[in-house]
Amino acid sequence: MINLYCCGCSEKVEPILIFGDEAYPHRKDLYNLKFWICEKCLNFVGCHKHGDGDVPLGCIPTKEIKKLRMQIHSLIDPIWKSGKLKRGQIYKIMSDKLGFKYHTASLKTVKECYDALGYAKELQ
């Protein structure tokens with residue numbers, strides 16, 4: 001069993017592994033993917049597709065945090081994909097501004113997400 005931080009519960013939990021048919025019953029294209037779900041609040045996080053597919057993408061976000069993380073990616077991904085900055089450079093800038101090692105999947109609070117979103121907008 002693994003322990004993951006759950007943003008909804010604000011604590012480490014022992015999530016259970018489920019498949020996409022439970023997480024996204026309306027998305028048949030996700031049925032074979034794996035997700036870790038918090039049994040207390042029912043929030044979940046996806047898994048990396050490499051290896052056995054059980055490695056979580058990060059901590060377990062709430063729906064609001066998940067939405068904000070996607071907004072952050074919509075701002076920073078085009079920057080490194082265009083070659084304006086390297087991904088590592090962006091993450092270093094974000095880390096310096098936030099005061100901790102940045103990775104979108106490690107953002108745990110709505111405040112952290114809004115701070116990161118603001119810094120991502122500055123990179124535009």
Side-chain angles (χ1 to χ4, degrees):
M1 196 50 101
I2 68 167
N3 287 305
L4 285 177
Y5 183 81
C6 176
C7 299
C9 296
S10 300
E11 65 182 0
K12 285 204 171 197
V13 298
E14 290 185 7
I16 58 170
L17 194 62
I18 62 170
F19 281 91
D21 60 335
E22 292 179 70
Y24 292 102
H26 59 287
R27 295 275 313 268
K28 291 185 180 191
D29 58 315
L30 302 178
Y31 280 12
N32 292 326
L33 299 180
K34 295 178 183 178
F35 298 83
W36 289 101
I37 188 169
C38 173
E39 292 183 277
K40 294 178 187 178
C41 68
L42 302 180
N43 288 312
F44 55 87
V45 65
C47 295
H48 288 277
K49 294 177 186 171
H50 64 275
D52 62 10
D54 292 355
V55 178
L57 290 169
C59 60
I60 302 171
T62 62
K63 288 179 182 177
E64 182 178 15
I65 290 172
K66 190 181 295 187
K67 181 179 173 184
L68 290 167
R69 288 178 179 178
M70 290 175 12
Q71 288 176 0
I72 294 163
H73 270 293
S74 74
L75 293 175
I76 62 175
D77 290 356
I79 297 169
W80 65 262
K81 287 180 180 178
S82 73
K84 179 179 173 186
L85 291 172
K86 293 182 179 181
R87 189 185 324 195
Q89 290 174 301
I90 294 169
Y91 280 50
K92 169 83 168 84
I93 292 167
M94 298 288 280
S95 295
D96 290 345
K97 297 223 179 224
L98 289 165
F100 58 85
K101 186 173 179 170
Y102 172 78
H103 190 283
T104 313
S106 65
L107 297 173
K108 294 180 177 145
T109 67
V110 171
K111 181 188 181 324
E112 286 178 354
C113 289
Y114 276 113
D115 289 346
L117 197 56
Y119 299 136
K121 288 177 182 177
E122 290 176 9
L123 294 171
Q124 303 299 299

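What you see below is based on every heavy atom in this structure, not just the backbone, and it leaves out hydrogens, waters and symmetry mates.
- In D29, the CG atom is crowded: over 12 heavy atoms of neighbouring residues, nucleotides or ligands sit closer than 6.0 Å.
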Check residues 117-124 and write down every donor-acceptor pair under 3.5 Å in which the side-chain atom is one partner and the other belongs to a residue at least two apart or another chain.
residue, atom, partner, partner atom, Å
E122, OE1, K97, NZ, 3.0
Q124, NE2, L75, O, 3.1
Q124, NE2, A120, O, 3.2

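- For the pair V110 and L68, the tightest heavy-atom approach, listed with the atom from each and the gap, is CG1-CD1, 4.0 Å.
- A heavy-atom distance below 4.5 Å is not found between the side chains of S106 and Y5.
- Sorted by first then second residue, the salt bridge (Lys or Arg N to Asp or Glu O under 4.0 Å) pairs that include residues 67-81, not counting sequence neighbours, number zero.
- Heavy atoms only, all atoms of each residue included: P56 and I2 are closest at CG-CD1, 4.1 Å.
- Among pairs with a residue in residues 62-90, none fulfils ring-ring contact (aromatic ring centres under 6.0 Å, His included), at least two apart in sequence or across chains.
- Rounding to the nearest 0.5 Å gives a distance of 12.0 Å between NZ of K108 and SG of C113.
- Note that SG of C7 is 8.0 Å distant from CG of N43, once rounded to the nearest 0.5 Å.
- Under a cut-off of 6.0 angstrom, the local environment of OH in Y31 is crowded, with over 12 non-hydrogen atoms contributed by other residues, nucleotides or ligands.
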Under 3.5 Å, sequence neighbours excluded: what are the donor-acceptor pairs made by side chains of residues 13-23?
none

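- K34 pairs by the side chain to side chain donor-acceptor pair (under 3.5 Å) definition with D54, not counting sequence neighbours.
- With values rounded to the nearest 0.5 angstrom, E39 atom CD is found 11.5 Å from C6 atom SG.
- Residues forming a salt bridge (charged side-chain N to carboxylate O under 4.0 Å, His left out) with K111 (at least two apart in sequence, or on another chain): D115.
- Contacts of F100 classified as side-chain contact (heavy atoms from CB on, under 4.5 Å), with partners at least two apart in sequence or in another chain: L98, L107, E112.
- Under the rule for a side chain to side chain donor-acceptor pair (under 3.5 Å), N3 has no partner lying at least two apart in sequence or in another chain.
- Among pairs with a residue in residues 1-13, those fulfilling salt bridge (Lys or Arg N to Asp or Glu O under 4.0 Å) read E11-K40, at least two apart in sequence or across chains.
- At a threshold of 4.5 Å between non-hydrogen side-chain atoms, the residues V45 and P61 count as touching.
- Considering only heavy atoms from C-beta on, W36 comes within 4.5 Å of C47 through its side chain.
- Scanning all heavy atoms of the two residues, the minimum distance from A105 to L57 falls at CB-O, 2.9 Å.
- Sorted by first then second residue, the side-chain hydrogen bond (donor to acceptor under 3.5 Å, both in side chains) pairs that include residues 83-92, not counting sequence neighbours, are K92-D96.
- In this view, V55 and H48 satisfy the side-chain contact (heavy atoms from CB on, under 4.5 Å) rule, not counting sequence neighbours.
- In summary, the aromatic rings of F35 and Y24 are positioned with their centroids under 6.0 Å apart.
- Partners of Y102 under the side chain to side chain donor-acceptor pair (under 3.5 Å) rule, at least two apart in sequence or in another chain, are T104.
- Interatomic distance, I93 CD1 to I79 CD1, rounded to the nearest 0.5 Å: 8.5 Å.
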